[in-house]
Structures are given as structure tokens and as C-alpha cells.
Trainee: 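Sending over a structure as C-alpha cells; questions will come in a sec.
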Amino acid sequence: MDDSGTDTEADGLLLRWREGRLDAFELFAAVRGAMYQGAQRGIRSITSSDPDPHHVEDAVYEAFEQLKKKDPADVSSVTGLAKMIALRRGQDIGRGVVREREGIKNLLADRVATAAVEFHDDDVRAAEEDERVVALAEGCFEFLTEEQRDLVVETIMGEELLSDWAFRNGKTHQAASRQRKRAIEAIRRCVESRRSGGITGWEGAQ
């Protein structure tokens, strides 16, 4: 790691931070490169693939917020510490990416009903029941907001990357991911309610 030894960074970075002569903007500018390197390495170490730029951005943001809370008196290398924190936040996000991938992969096999139901295959289900569930799932889409429907259709039933959808809609990757999970859960509950004869004016994704 790069956080050992004494800070030898240009312009007395650590000294200025300790003396309160370094604002957040200047601090971020000084450690930005190291944090991006750490975040990329952390995500890649978990996902074994090139990280999504939006994941890197999220990791850097979280790491910088954590860095700002540190006591400069306890720091020996600003850039080293920043890089280490970013690497760890990157690893955290990488684990979340892996969990999300597995969750979506296991959620449904049928693309048409991807956002609708968790199938519980105790036995081989009748084809008629499968068709009924799909029909219920499609009906439940009406209870989603227009944005939620677009999110589900484009990133699950379609082929748009979640990060691309988030960028197109001015959201962070994490915010889009949370919104998609809420929409999927809302549709699942709606389908279960309709299958059990629940109310027709169901609400759950707002």
C-alpha cells in the first residue's frame, strides 16, 4: 500500500491539511488520481472485470467522504490513506455488483417475466400456470411509475446497461440500482397479491 512512511507530497499537502489551510476542493484535487486507482483496483479484485466508471465514481465519492472525517494528526500519508480507503470502498461496491448479478441471474429465466416473480419450482409447473403468472406480471407494470417501467424494461427485459440508464436519467448507479430493486420487489408483491385474489388497486412501487 501507499500509506506507509512520511508524507512527501508536493506543496506540503499533509502540513496544510493539519494546519487547516486545505479546503475540501483542494484536498480532493490532490488525492483524486490515487483514489480512482484504488477504487478501480478494489472493484476489479472482486468482480474480475473492468469496473463500470459509475461504480468507480461511487467508490471515490464514499471514500472521500470518509477521508474528510479523518484526523490529519493521525495520518502519515494523505494520498496513501486516500488510495487505501478507495480500494476498500471499491471492494465493497464490487461485492454489491456480484450480489446483484447473482440476484438478477437467479431471479428469473424468462426474459418476458424477468421483473415479475421469483419462481419456486417445487415440482415442474404446468405451462398454463406459467402463462398466467406472466400475464399477471405484465398487468402489474401499470402500478409502476413511468420511470420505473422504463428502468425495468430497458435494463432487464432489454439490453441497456444499468450504468447507461442511470447516466441517461441523471442518476447515480447506486440510486438506479436501488430503484430497480424496489420496482422488482413491488411487481413480485403485486403478482403474489393477484394470485391470492388480493385487491385490484394495489400500490407498492411509489
Trainee: Could I get the full list of side chain to side chain contact (heavy atoms under 4.5 Å, CB included) partners for S45, not counting sequence neighbours?
Mentor: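 Partners of S45 under the side chain to side chain contact (heavy atoms under 4.5 Å, CB included) test: Q91.
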Trainee: For the NZ atom of K83 and the CG atom of L67, what is their distance to the nearest 0.5 Å?
Mentor: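 K83 NZ to L67 CG: 14.5 Å, rounded to 0.5 Å.
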Trainee: Quick one: list whatever passes side chain to side chain donor-acceptor pair (under 3.5 Å) with E19, sequence neighbours left out.
Mentor: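 Side chain to side chain donor-acceptor pair (under 3.5 Å) check on E19 returns R21.
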Trainee: Apply salt bridge (charged side-chain N to carboxylate O under 4.0 Å, His left out) to K69 and list each qualifying residue two or more places apart in sequence or on a separate chain.
Mentor: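 Here no residue qualifies.
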Trainee: Roughly how far, to the nearest 0.5 Å, is CD1 of I85 from CD of E65?
Mentor: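 E65 CD to I85 CD1: 11.5 Å, rounded to 0.5 Å.
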Trainee: The criterion is side chain to side chain contact (heavy atoms under 4.5 Å, CB included); which residues satisfy it with T47, sequence neighbours excluded?
Mentor: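 Per chain and number, T47 pairs via side chain to side chain contact (heavy atoms under 4.5 Å, CB included) with I43, S49, V97, V98, R101.
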Trainee: Please name all residues satisfying side chain to side chain donor-acceptor pair (under 3.5 Å) with E57, sequence neighbours left out, ordered by chain then number.
Mentor: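 Applying side chain to side chain donor-acceptor pair (under 3.5 Å) to E57 gives Y36.
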Trainee: For E154, give me all partners under side chain to side chain donor-acceptor pair (under 3.5 Å), at least two apart in sequence or on another chain.
Mentor: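 By the side chain to side chain donor-acceptor pair (under 3.5 Å) rule, E154 matches no residue at all.
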Trainee: Please tell me if the side chains of Y61 and R89 come closer than 4.5 Å, counting only heavy atoms from C-beta onward.
Mentor: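 No, every pair of side-chain atoms sits at 4.5 Å or beyond.
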Trainee: Does M84 belong to the same Ile/Leu/Val/Met/Phe/Trp/Tyr cluster as L13, with side-chain heavy atoms less than 4.5 Å apart forming each link?
Mentor: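 Yes: a chain of side-chain contacts under 4.5 Å links M84 to L13.
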Trainee: Considering all heavy atoms of both residues, which atom of L81 and which atom of V75 are nearest to each other, and what is their separation?
Mentor: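 Taking every non-hydrogen atom into account, CD2-CG2, 3.6 Å.
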Trainee: Looking at every non-hydrogen atom in both residues, tell me the closest pair between L144 and A186 and how far apart they are.
Mentor: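 L144 and A186 have their closest heavy atoms at CD2-CB, 4.4 Å.
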Trainee: Using a cut-off of 6.0 Å, state whether more than 12 heavy atoms not belonging to R88 lie near its atom CZ.
Mentor: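 No, CZ of R88 has 12 or fewer neighbouring heavy atoms, counting only those of other groups under 6.0 Å.
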Trainee: Could you tell me the separation between the CG atom of L162 and the NZ atom of K171, rounded to the nearest 0.5 Å?
Mentor: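 Atom-to-atom, L162:CG and K171:NZ are 11.5 Å apart.
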Trainee: Partners of D52 by side chain to side chain contact (heavy atoms under 4.5 Å, CB included), sequence neighbours excluded?
Mentor: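 Counting only residues at least two positions away or on another chain, D52 forms a side chain to side chain contact (heavy atoms under 4.5 Å, CB included) with H54, H55, S163, H173.
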Trainee: Run the side chain to side chain contact (heavy atoms under 4.5 Å, CB included) test against A39 and tell me which residues pass, sequence neighbours left out.
Mentor: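 Result, side chain to side chain contact (heavy atoms under 4.5 Å, CB included) vs A39: V56, A59, V60, A86.
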Trainee: Does Q40 have any side chain to side chain donor-acceptor pair (under 3.5 Å) partners at least two apart in sequence or in another chain, and if so, which?
Mentor: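 Result, side chain to side chain donor-acceptor pair (under 3.5 Å) vs Q40: none returned.
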Trainee: Is the closest basic N to carboxylate O distance between E185 and R180 below 4.0 Å?
Mentor: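 R180 and E185: not salt-bridged.
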Trainee: Going from CD on E146 to CG on L151, what distance comes out if it is rounded to the nearest 0.5 angstrom?
Mentor: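 The distance works out to 12.5 Å.
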Trainee: Which residues satisfy the salt bridge (charged side-chain N to carboxylate O under 4.0 Å, His left out) test with D150, sequence neighbours excluded?
Mentor: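 Result, salt bridge (charged side-chain N to carboxylate O under 4.0 Å, His left out) vs D150: R168.
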Trainee: Not counting sequence neighbours, which residues clear salt bridge (charged side-chain N to carboxylate O under 4.0 Å, His left out) with D71? List them please.
Mentor: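 Salt bridge (charged side-chain N to carboxylate O under 4.0 Å, His left out) list for D71, sorted by chain: empty.
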Trainee: Can you tell me if S177 and Q174 form a side-chain donor-acceptor pair at under 3.5 Å?
Mentor: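 No donor-acceptor contact under 3.5 Å links the two side chains.
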Trainee: Please name all residues satisfying ring-ring contact (aromatic ring centres under 6.0 Å, His included) with F64, sequence neighbours left out, ordered by chain then number.
Mentor: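 For F64, the residues satisfying ring-ring contact (aromatic ring centres under 6.0 Å, His included) (neighbours in sequence not counted) are F28.
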Trainee: Atom CD1 of I184 and atom CD of Q179: how far apart are they, to the nearest 0.5 Å?
Mentor: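 Here the rounded value is 11.5 Å.
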Trainee: Using 0.5 Å steps for rounding, measure from the CG atom of D58 to the OG1 atom of T172.
Mentor: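 Atom-to-atom, D58:CG and T172:OG1 are 5.0 Å apart.
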Trainee: Side-chain heavy atoms nearer than 4.5 Å, only ILVMFWY residues, links allowed to pass through others: does that put L27 and L14 together?
Mentor: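 Same hydrophobic cluster.
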